[in-house]
Structure formats: C-alpha cells, structure tokens
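Written below as structure tokens is the structure these notes are about.
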Amino acid sequence: PASRHVRLVPDWVEKFRAEPAPIAHQIRVTRRASGANQFRQINQAIDALPREGGHIELDGDGPFVLEPASIAVRGTVRLAAAPGRQTVVYLASDDRGNPPRTYLTVRASQLEVDGVHFVLVDPSAGKLTVLNIEQGDVALRNCSLTVSGGGETGVTAVRLGGRAQAAAR
C-alpha cells in the first residue's frame, strides 16, 4: 500500500541538507589581514581555532595554500568561501616538492566545507589522501577536487575511518 514508506536514508542526512547554523567564532583568511581573527594563511586560521570550533571564511577567489594540518575540536569547523566566491585552495607539497600522505585530518570533529575547490598538481610521491576523517563527520557543499599530473599514484579525496557520517551536495 502507498501509506507504508520505507526510509532509505538515515535521519542524520537531514542535518546536512539544512542550511548551516551560525557558528560563533569567526576567522577570516584574506590577502590583506589587518585585525583580530584575520590571517593570510589557512593553516594559521586552523591553528587559531578554539576547542569549540569555528567558521573559517576564505575571503577571495584564491588561490590560498593549504599545507598538511589537523583539526581536533569538540564542535563544528566550517571552511567556506566568502559569499559570492568560489575559492581555490592549492594543496602544497613540502619544501622538497613531495606531497604529504594526508593534507587535512579531522579527528572527533564535524567539518563542513562550502564553495571550496581543491587543486593538487603532480602528486608524484605515492598514495595520498586529501581529507582524512577519523571518528568525525564531514559535509561537502559546492566543492571540487582537481588533480593534475597524477601519473600512477593514488589519490583518495575523502577517507572515512572509525564511526563517521558523510554527505556531499
């Protein structure tokens, strides 16, 4: 009968479909950092996150550089392009030209990424992971990953380890 419905998606999916709730702690990454909670590099903004999480806004089209980083906060971290922007984030190699094994690790936290386009050029140093989620949640909205010159190496866009929830839109 039509009155019986089988729910095919878990309830937590609705959380990721809703508009993101405001996050109290605001950090801005901009080329012209000139005040409190403003930085020129994404890694500086990640390091400045309080334990309860925060919103990192990328002000400009980029490219901004992301070097290997780790997020381990109790709350939500939102990494988002400023309104009306589609920001490019360049995934940087180390000073010898070798990419790391993982660019961004999230531990026991919730990560929301919106309007960010990751670019990786010539990942020639073996298998690597862009986002490694360990016992956390991730939501990707209006994002992309472009890999150029990968040769025979393996690139994993998102790796989920432990108990995690993921959504892409």
Side-chain angles (χ1 to χ4, degrees), residues 16 20 23 26-33 37-49 53-73 75-169:
F16 291 113
I23 297 176
Q26 302 284 322
I27 299 173
R28 177 172 282 181
V29 178
T30 178
R31 295 205 190 292
R32 296 179 186 93
N37 294 323
Q38 291 189 12
F39 300 94
R40 291 184 181 183
Q41 297 176 10
I42 297 172
N43 292 77
Q44 293 171 322
I46 290 171
D47 291 344
L49 285 168
H55 180 147
I56 299 173
E57 180 180 84
L58 303 175
D59 185 21
D61 293 325
F64 292 101
V65 174
L66 176 65
E67 296 174 349
S70 183
I71 296 173
V73 299
T76 299
V77 173
R78 183 174 303 127
L79 177 65
R85 302 288 190 166
Q86 292 290 314
T87 302
V88 172
V89 172
Y90 176 76
L91 302 173
S93 299
D94 67 17
D95 56 2
R96 287 177 250 143
N98 297 318
R101 294 181 70 138
T102 302
Y103 279 99
L104 186 57
T105 299
V106 178
R107 290 184 178 93
S109 306
Q110 179 174 329
L111 175 67
E112 298 176 3
V113 184
D114 192 357
V116 178
H117 303 281
F118 297 97
V119 175
L120 177 61
V121 178
D122 195 22
S124 58
K127 295 181 181 179
L128 62 95
T129 300
V130 176
L131 294 175
N132 182 30
I133 312 300
E134 297 176 359
Q135 298 182 349
D137 302 337
V138 63
L140 304 171
R141 294 180 186 92
N142 305 313
C143 298
S144 68
L145 169 63
T146 301
V147 179
S148 175
E152 295 182 24
T153 62
V155 175
T156 301
V158 179
R159 181 185 172 280
L160 300 174
R163 197 170 146 201
Q165 302 173 359
R169 251 181 32 178

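Keep in mind that the numbers below use all heavy atoms, side chains included, and drop hydrogens, waters and symmetry copies. The first residue of the sequence shown is numbered 1, and numbering continues consecutively from there.
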Problem set entry | Value rounded to 0.5 Å, distance of CD in Gln86 from CG in Asp114 | 8.0 Å
Problem set entry | Results of salt bridge (Lys or Arg N to Asp or Glu O under 4.0 Å) for Asp47 - residues two or more places apart only | none
For this session: Could you point out which residue of Arg28, Arg85, Gln38 forms a side chain to side chain contact (heavy atoms under 4.5 Å, CB included) with Glu57?
Result: Arg28
Seminar exercise, completed: dist Arg40:CZ -> Ile42:CD1 (nearest 0.5 Å) comes out at 15.0 Å
Problem set entry | Leu128 side chain near Leu120 side chain, heavy-atom distance below 4.5 Å | yes
Exercise. Are Arg31 and Phe64 in a cation-pi setup, meaning NZ or CZ lies under 6.0 angstrom from the ring centre and within 45 degrees of the ring axis?
Worked result: yes
For this session: Find out whether Ile56 and Leu49 are in side-chain contact, i.e. whether some heavy atom of one side chain is under 4.5 Å from a heavy atom of the other.
Result: yes
Problem set entry | Close side-chain approach of Gln26 to Asn37, heavy-atom, < 4.5 Å | no
Seminar exercise, completed: Value for CG (Asn132) from CZ (Arg101), rounded to nearest 0.5 Å, stands at 10.5 Å
Exercise. So Val77 and Val106, side-chain contact (heavy atoms from CB on, under 4.5 Å) or not? Walk me through it.
Worked result: CA-CA 10 Å; Val77 173; Val106 178; over 6 Å; no
Seminar exercise, completed: By side chain to side chain donor-acceptor pair (under 3.5 Å), Thr146 pairs with (sequence neighbours left out) none
For this session: In sequence, state the C-alpha distance, the side-chain angles, and the governing distance for Val130 and Val147, and then conclude on side-chain contact (heavy atoms from CB on, under 4.5 Å).
Result: CA-CA 11 Å; Val130 176; Val147 179; over 6 Å; no
Seminar exercise, completed: CD of Glu134 to CZ of Arg107, rounded to nearest 0.5 Å, is 4.5 Å
Problem set entry | Side chain Asn43, main chain Glu67, donor-acceptor under 3.5 Å | yes
Seminar exercise, completed: Cys143 and Gly115 have their tightest heavy-atom pair at SG-N, 4.0 Å
Problem set entry | Nearest non-hydrogen partners of Tyr103 and Ala92, listed with the distance | CE2-O, 3.1 Å
Problem set entry | Heavy-atom check, side chain of Val65 versus side chain of Val89, under 4.5 Å | no
Problem set entry | Within-4.5 Å side-chain heavy-atom neighbours: Glu112 and Thr76 | yes
Exercise. Can you tell me if Thr105 uses its side chain to pair, donor with acceptor, with the backbone of Ser70 under 3.5 Å?
Worked result: no
Exercise. Got Leu79 and Ile46 here, is their nearest side-chain heavy-atom distance under 4.5 Å?
Worked result: no
Problem set entry | Close side-chain approach of Thr87 and Val29, heavy atoms under 4.5 Å | no
Exercise. Is there a side-chain contact between Leu131 and Leu145, using heavy atoms and a 4.5 Å cut-off?
Worked result: no
